[in-house]
Amino acid sequence: MPFTTGAADEPAVAPGRPGTSTRPGWPRTVPPAGWPRTEDEALAEQDRLRGRFVRGAGPGRVATVAGLDVAYHEDGERLAAAVVVLDAADLTVRDSVVVRGTAAFPYVPGLFAFREIPALLEALDRLTVRPDVLVCDGHGLAHPRRFGLACHLGVLSGLPAYGVGKTPLIGTWEPPGPARGARSDLVDGVRSSGRCCGRRTG
DNA sequence: GCGACAG
DNA sequence: ATCTTGTCGC
């Protein structure tokens, strides 16, 4: 499990307890052992994990839903990962966690997951309420190699995950109508990789 | 070959 | 992602 400790400008130190730090300054996210450090390594890992991906393994009874997102410091490295678990019945907040940390990989389209997943996993680890499904800020199957952040986080967390991207990465679509809830298929080749619910032109 | 490219 | 200026539409 990843964890954060120490200040950004300090060397990593063994925390008294995973995910805890008594030191001042911004915590540094310590990725799991073997976390990719180069694009080639990340591509290989993405390929390996894709073998563990199970498509269509959606949630059964959804009692709780988790929403995840990451906010960055202007330096583009320090970040805060947040997870909010809602009761699916009335949208009541059942639990929430915010962890500060650092980006675990440079931003590379297609390898985006390697940047935020360690911090997101840590946030999920600190949850006391187990969500039945994850709603991620980034694409899932609508990815050049069919393994976007949502797929990646789904495999590593063992939880069903949906990817929700704000801007397109791949595929083409017909602009959805203006009615609330309108949507259209996001098509990549002959396969439908998702749905467009926004109004951006493509 | 060139451009585009989640957050 | 985050910042910033300018413009457009309701």
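Proteins get letters first, then strands, A, B, ... in listed order; numbering begins at 1 in each. Predicted model only: the values in this text are computed from it and were never measured.
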Q: May I ask you to decide if the ring planes of A:W35 and A:H152 are parallel, tilted or perpendicular, using 30° and 60° as cut-offs?
A: tilted
Q.
Tell me the interatomic distance from A:H152, atom NE2, to B:dA6, atom C1', rounded to whole angstroms.
A. 14 Å
Q. Are A:K166 and B:dA6 close enough that a side-chain N or O sits under 4.0 Å from OP1 or OP2?
A. no
(Q) Please report the interatomic distance CH2(A:W26) to CD(A:E77), rounded to the nearest 0.5 Å. (A) 12.0 Å
Q.
Strictly below 4.0 Å: does A:T167 bring a side-chain N or O up to OP1 or OP2 of B:dC5?
A. no
Q.
In this structure, how many angstroms lie between the C1' atom of B:dG7 and the CZ atom of A:R78, rounded?
A. 18 Å
Q. Which whole-number value in Å describes the distance from A:L169 CG to B:dG7 C1'?
A. 11 Å
Q: Pick base, sugar-phosphate or nothing for A:L79, based on heavy-atom distances below 4.0 Å to the nucleic acid.
A: nothing
Q. When you look at A:L153 and A:L121, which way does the side chain to side chain contact (heavy atoms under 4.5 Å, CB included) test go after all the steps?
A. CA-CA 8 Å; A:L153 191 56; A:L121 277 180; 3.8 Å; yes
Q. Which is true for A:G148 with a 4.0 Å heavy-atom rule: it touches a base, it touches only sugar-phosphate, or it touches nothing?
A. base
Q) Roughly how many Å is it from NE2 in A:H73 to P in B:dG7, rounded to a whole number? A) 21 Å
Q) Within the structure shown, what part of the strands sits under 4.0 Å from A:L120 by heavy-atom distance: base, sugar-phosphate, or nothing? A) nothing
Q: Can you tell me the distance, in whole Å, between the CG atom of A:D75 and the C1' atom of C:dT2?
A: 10 Å
Q) When the distance from CG of A:D137 to P of B:dG7 is rounded to whole Å, what number comes out? A) 6 Å
**Q.** B:dG7 base stacked by A:Y107 (centroids within less than 5.5 Å, tilt under 30°)
**A.** yes
Q. Under a 4.5 Å cut-off applied to non-hydrogen side-chain atoms, are A:K166 and A:D137 in contact?
A. yes
Q. Can A:R146 and A:D188 be counted as an ion pair, charged N to O under 4.0 angstrom?
A. yes
Q: Using atom CZ of A:R115 as one end and atom P of B:dC5 as the other, report the distance to the nearest whole Å.
A: 18 Å
Q) With a 4.0 Å cut-off on heavy atoms, is A:G110 in touch with a base, just the backbone sugar-phosphate, or nothing at all? A) base
Q: Look at all strands and tell whether A:A103 reaches a base, only sugar-phosphate, or nothing, counting heavy atoms closer than 4.0 Å.
A: nothing
(Q) From CZ of A:F112 over to P of B:dA4, roughly how many Å is that when rounded to an integer? (A) 21 Å
